[in-house]
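The figures that follow rest on heavy atoms only: side chains count, while hydrogens, waters and symmetry mates do not. Order of the sequence lines sets the chain letters (A, B, ...), proteins ahead of strands, with each chain counted from 1. In this text the structure is predicted, and so the values were computed from the model without any measurement.
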There are 2 protein chains.
Amino acid sequence: MSTAEETAGGEPQPWGEVSPDAARRLLVAAVEAFAERGYHATTTRDIAGRAGMSPAALYIHYKTKEELLHRISRIGHEKALDVLRSAADSEGTPADRLAEAVRSFVRWHAGQHTVARVVQYELDALGPDARAEIVALRRQNDAAVRGIIEDGVAAGDFDVPDVKGTTVAVLSLCIDVARWFNVNGPRTPDEVGALYADLVLRMVGATQ
Amino acid sequence: MSTAEETAGGEPQPWGEVSPDAARRLLVAAVEAFAERGYHATTTRDIAGRAGMSPAALYIHYKTKEELLHRISRIGHEKALDVLRSAADSEGTPADRLAEAVRSFVRWHAGQHTVARVVQYELDALGPDARAEIVALRRQNDAAVRGIIEDGVAAGDFDVPDVKGTTVAVLSLCIDVARWFNVNGPRTPDEVGALYADLVLRMVGATQ
DNA sequence: GCCGAGGGTGAGCGAGCGCTTAGAGTGCCC
DNA sequence: GGGCACTCTAAGCGCTCGCTCACCCTCGGC
């Protein structure tokens, strides 16, 4: 029914580029396990078991458990940044672009909330070099959102007294969706995205 | 509801009721360690060391490492709930009450961001019974905020198409402050509180 | 001076951790 | 068929974890 690239919700699975197959299965298993129990509470035996392999098999494809987290974090951040940027760079008024950015970014964090949780909340488990690389990706998120808001202010479409602070708040609001979103809850990722796009337009005082 | 002891920053220290002294020192040490490295990455040797004691001393005052986390979570949630409720129950228009609730709740999450991080992000490390107790406290947060928003809608002061969704978003925004707030950053807890109070009033469409 | 109680320690137990190693199974090229 | 490269496993190493235990120190009551 669905291809390897698509879930039922229509969100792209970010692991298409990972090969060989065994390495991808280990990565997917690690995402599940890290999201459920946290990086430090997850054992390499658990990851290998979920992937249907022996504990030693993990070390054929990854040097350490931390390398798994690093790979997940980098790919996850890049995919989320892609989603955000393609909305930020689209045609339309600043309000259109901001609404679309929030809608798609939130949809990603809700639909891919397992990946997002790992990516957002396990950063401190990475070593200094890997962490620095991820932090740089995050700053690009910030720049993308701030750019739209600045455009809106310059065009006179937004009323934002504190652009930097509002940027932080908007991103924080979107990212935290990964923490509370529940697949069995009453809302679909699309619905949360629509709600949040409206709330954010209010936050920036967009002229209706 | 305690009229608590105050630090220089004006935020109440939540641990006044914990005694004897050694038990309180261990609790404070555990909060620092859990906030820095996470529950699972923190060792009992580290906690005891920060409190200036031997590893075995921890077990005179607490049955397990998890009991420490449970105590921290319960006290932390109760203090945050106190802060939120005293604003929610105050006199004034719904807009005044909502602004004050957000301002003080955000101030708490920024000023006490070590406690708040532990309380918000280590919930899954608790066993089922302890977790259920904490989840019940969280629902009271939700009820307090939703109450103010409903009052505002009933009074015609707010324009909120989706009360439940907006409540979740407001609380999420406030709580996530604990994740990104940095003591060495450019903003004080008071400033973030003021910014967020304004943003939330916009989110609910408060008549200015 | 002696006692009991309670807070504290040094040493260490059993368990489970991340990771390694020796070797087996499998497919491919000659 | 034989050699090689690659993938994977069974077994287990060295280590650190949460936690325990036997014992010690301090102090108030008599």
Rounded to whole Å, how long is the line connecting atom [atom1] of [X] with atom [atom2] of [N]?
X	N	atom1	atom2	result
Arg24(B)	dG7(C)	CZ	P	15 Å
Glu67(B)	dG18(D)	CD	P	15 Å
Tyr59(B)	dG7(C)	OH	P	18 Å
Glu66(B)	dC19(D)	CD	C1'	14 Å

The single option from Arg138(B), Arg146(B), Arg139(B) passing side-chain hydrogen bond (donor to acceptor under 3.5 Å, both in side chains) against Asp142(B):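 That would be Arg146(B); it is the only one of Arg138(B), Arg146(B), Arg139(B) passing the side-chain hydrogen bond (donor to acceptor under 3.5 Å, both in side chains) with Asp142(B).
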Distance in Å, Leu195(A) CG paired with Thr166(B) OG1, rounded so as to fall on 0.5 Å steps: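 Nearest 0.5 Å value for the CG-OG1 distance: 5.5 Å.
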Go through the structure and list residues passing ring-ring contact (aromatic ring centres under 6.0 Å, His included) with His61(A), not counting sequence neighbours.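 By the ring-ring contact (aromatic ring centres under 6.0 Å, His included) rule, His61(A) matches no residue at all.
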For Phe34(B), all residues meeting ring-ring contact (aromatic ring centres under 6.0 Å, His included), sequence neighbours excluded: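 So Phe34(B) forms a ring-ring contact (aromatic ring centres under 6.0 Å, His included) with Tyr39(B).
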Verify, without hydrogens or angle tests, whether His113(A) (side chain) and Ala110(A) (backbone) share a donor-acceptor contact under 3.5 angstrom.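 Judged by distance alone, yes, a pair lies under 3.5 Å.
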Indicate for each nucleotide in nucleotides 3-10 of chain D, in 5' to 3' sequence, whether protein heavy atoms under 4.0 Å reach the base (B), only the sugar-phosphate (S), or nothing (-). -----BBB
Interface residues of residues 32-50 of chain B with DNA chain D (non-hydrogen, below 4.0 angstrom):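 Thr42(B), Thr43(B), Thr44(B), Arg45(B) - these, ordered by number, are the residues of the stretch whose heavy atoms sit under 4.0 Å from the strand.
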Pairs where residues 74-90 of chain A contributes a residue and the test salt bridge (charged side-chain N to carboxylate O under 4.0 Å, His left out) is met, not counting sequence neighbours: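 Passing the test, one end in residues 74-90 of chain A: Glu17(A)-Lys79(A), Arg74(A)-Glu78(A), Arg74(A)-Glu133(A).
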Which pairs, with at least one residue in residues 160-183 of chain B and sequence neighbours excluded, count as a salt bridge (charged side-chain N to carboxylate O under 4.0 Å, His left out)?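 Matches after skipping sequence neighbours: Arg187(A)-Asp162(B), Asp176(B)-Arg179(B).
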Is the closest side-chain heavy-atom distance between His77(A) and Gln140(A) below 4.5 Å?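 With C-beta onward as the side chain, the pair stays apart.
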